[in-house]
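Lettering of chains follows the sequences in order, A, B, ..., and the numbering in each one begins at 1. Please read all numbers here as calculations on a predicted model, not as lab measurements. Quick note: numbers below take in every heavy atom, side chains included, and nothing from hydrogens, waters or symmetry partners.
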2 protein chains.
Amino acid sequence: MRSSAAGEAIVTLPPRCAACNVRDDALCATLEDAGLVALHGIGRRRTLPAGQVLVWSGDPNAICATVVSGVLKAMRAGPEGREHIVGLAFAGDFVGDLFADTANETIRVMTDAELCVYPRAALQKMLDAHPAMERLLLHRALGALDDARMWMLMLGRKAAGARIATFLLEMARRMGQPGPARFDLPMSRSEVGALLGMTIETVSRQMTSLKRRGVVALPGGRGVIILDRAQLARAAAG
Amino acid sequence: MRSSAAGEAIVTLPPRCAACNVRDDALCATLEDAGLVALHGIGRRRTLPAGQVLVWSGDPNAICATVVSGVLKAMRAGPEGREHIVGLAFAGDFVGDLFADTANETIRVMTDAELCVYPRAALQKMLDAHPAMERLLLHRALGALDDARMWMLMLGRKAAGARIATFLLEMARRMGQPGPARFDLPMSRSEVGALLGMTIETVSRQMTSLKRRGVVALPGGRGVIILDRAQLARAAAG
DNA sequence: CGGATATTTGATGTCTCTCAATCTGTGTGG
DNA sequence: CCACACAGATTGAGAGACATCAAATATCCG
């Protein structure tokens with residue numbers, strides 16, 4: 001029950017939550033102040049450097065988390081031990097599997113990131129008392145399913161050029177500000193390949209091709225500037 | 001509250017539900033008798049012939065359903081209007097999107113099928129009163145996500161032969177009885193191609209190759225007999 | 001049995017992977 | 001401040017797998 005005016009609530013809320021940039025998007029958004037205090041009680045804020053692993057595939061599935069900032073990837077091992085990226089998580093997203101006892105995906109931080117990490121068991125217990133939280137998780141699961149099916153469509157049918165174009169548009173949507181279409185990719189060429197199902201060389205060639213045609217500029221190793229969005233969209237459809 | 005002994009419950013339950021083969025697997029399994037009567041009240045049993053469309057992509061998203069028997073596919077349009085299969089639904093599965101206002105997938109019946117069809121709005125309303133139902137839907141959504149990511153891995157990394165082998169094992173698991181590894185595919189070669197991201201010709205050639213190597217037999221157009229499961233599994237891993 | 005549809009088989013081309021070398025940019029130590 | 005070293009990225013040449021186009025069967029159903 002929301003028992004106090006805003007000015008008072010700030011006193012009772014954990015300071016980190018009151019100032020949190022994903023306070024209204026993430027799991028927390030579903031909770032009234034008392035619930036938020038409880039969630040904060042079971043969770044722990046962690047800052048992880050790029051490359052750090054949050055969950056190892058095959059290990060006991062002990063934790064879930066809310067992404068506060070940064071980008072994470074979920075990976076599964078394909079044949080020959082090669083790893084493929086099967087999902088990305090951005091600020092506000094929920095990562096981890098609430099119900100599996102053994103993790104079947106490795107979750108790794110791609111850029112420096114802040115997370116709110118929760119023990120899975122405790123979070124599961126909270127779920128029973130907070131139907132709105134469960135509803136949000138259902139929404140998120142369906143959103144992730146939608147994403148996965150979008151990638152399926154791409155992996156199954158699109159040529160390399162169209163994959164790269166689709167990928168750039170998707171990254172621009174998720175990372176870029178509304179204004180200028182300038183952003184940094186949160187991952188290396190090798191990781192782009194692991195997501196799009198192609199080799200690093202093919203990724204590079206397609207990027208270069210877009211650059212030569214004046215569709216994008218590629219400043220530095222990770223920078224992207226979309227110069228001609230219409231043509232990029234056309235390339236993504238083909 | 002489960003208020004009566006089994007013998008009595010049969011009287012109050014709709015006859016179709018009492019005798020239903022997915023009574024303990026599907027959405028219905030989460031409901032006590034009174035809830036089941038309510039669910040039956042908003043739903044309608046429909047028998048659909050193979051090829052029938054349940055939901056058109058782009059149309060208002062009006063219904064969801066439980067699959068009682070048969071197999072359904074969820075499709076999305078790729079480039080050039082070609083359609084790709086992004087999900088399958090078997091007996092006991094839930095199909096449809098509870099929250100989208102516009103359907104973004106076409107759902108089509110692959111074999112003759114029986115469904116319990118529910119208006120989306122009414123089902124959504126029931127959800128608030130039945131947390132167990134919501135929990136099951138969350139489980140199902142995560143299961144579908146797991147499936148989608150499995151297909152992603154396949155589409156991204158596996159060669160044609162490995163895709164076919166994986167597909168056959170998966171179909172055997174979902175359709176076959178425990179005993180003899182004999183079953184009929186619920187779909188045409190063309191649909192297999194639309195699921196695995198390859199042409200009908202490549203599907204055919206890979207099937208023939210497995211047949212020639214004595215791994216499977218292919219009686220009739222749709223029949224499959226797995227003769228050497230170990231070798232099929234080996235082919236699926238490659 | 002006959003026609004339509006689905007599947008198999010064949011010949012050829014193209015795209016992407018593989019292997020290999022060069023280049024760029026990033027960070028370090030002199 | 002510059003030279004150097006290293007990892008990541010780009011570019012090139014060649015081979016292989018799958019797509020495409022085209023034809024010949026097989027299967028299904030009335």
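Put simply, CG on L218(A) is 11 Å from C1' on dA9(D), counting in whole angstrom units. Q206(B) places its CD atom 10 Å from the P atom of dA19(D), with the value rounded to the nearest Å. A straight line from CG of L155(B) to C1' of dC18(D) spans 14 Å, rounded to a whole angstrom. When rounded to the nearest whole Å, the span between CZ of R189(B) and P of dT7(C) equals 6 Å. With rounding to whole Å, M110(B) atom CE is found 13 Å from dA6(C) atom P. Computed from coordinates, the I164(B) CD1 to dC18(D) C1' distance equals 13 Å when rounded to whole Å. Taking atom CE of residue M207(A) and atom P of nucleotide dT11(D), one finds them 12 Å apart after rounding to whole Å. The distance from atom NZ of K158(B) to atom P of dC17(C) is 17 Å, rounded to the nearest whole Å.
Nearest-nucleotide assignment on DNA chain D puts the 5′-proximal partner with T208(A), out of R157(A) and T208(A). Between R82(A) and G220(A), the residue whose closest nucleotide on DNA chain C is further toward the 5' end is R82(A). Take the nearest nucleotide of DNA chain C for R222(A) and for G197(A): the residue whose nucleotide is more 5' is G197(A).
Under 4.0 Å is where a charged nitrogen must lie from a carboxylate oxygen, and between R182(B) and D184(B) at least one such pair does. Checked for salt-bridge contact, R174(A) and D147(A) meet the test: a charged N lies under 4.0 Å from a carboxylate O. A salt bridge links K73(A) with E191(A): the closest approach of a Lys/Arg side-chain nitrogen to an acidic carboxylate oxygen falls below 4.0 angstrom. A salt bridge links R149(A) to E105(B): at least one charged side-chain nitrogen sits closer than 4.0 Å to a carboxylate oxygen.
Here T199(A) does not reach the OP1 or OP2 of dT16(C): none of its side-chain N or O atoms lies under 4.0 Å away. Taking side-chain N and O atoms only, T202(B) has a distance below 4.0 Å to OP1 or OP2 of dA19(D). For dT11(D), the OP1/OP2 oxygens have no side-chain nitrogen or oxygen of S204(A) closer than 4.0 Å.
Checking dT16(C), dT18(C), dT10(D) against the side-chain heavy atoms of I200(A) singles out dT10(D) as nearest. When each of dC21(D), dA20(C), dT16(C) is scored by its nearest atom to the side-chain atoms of E201(A), the top-ranked nucleotide is dA20(C). Here dC17(C) is the nucleotide among dC17(C), dA9(D), dT7(C) with the atom lying nearest to any side-chain atom of R205(A).
Using a 4.0 Å heavy-atom distance criterion, M198(B) is classed as a sugar-phosphate-only contact.
In the displayed structure, R44(B) atom CZ is contacted under 6.0 Å by at most 12 heavy atoms of other residues, nucleotides or ligands.
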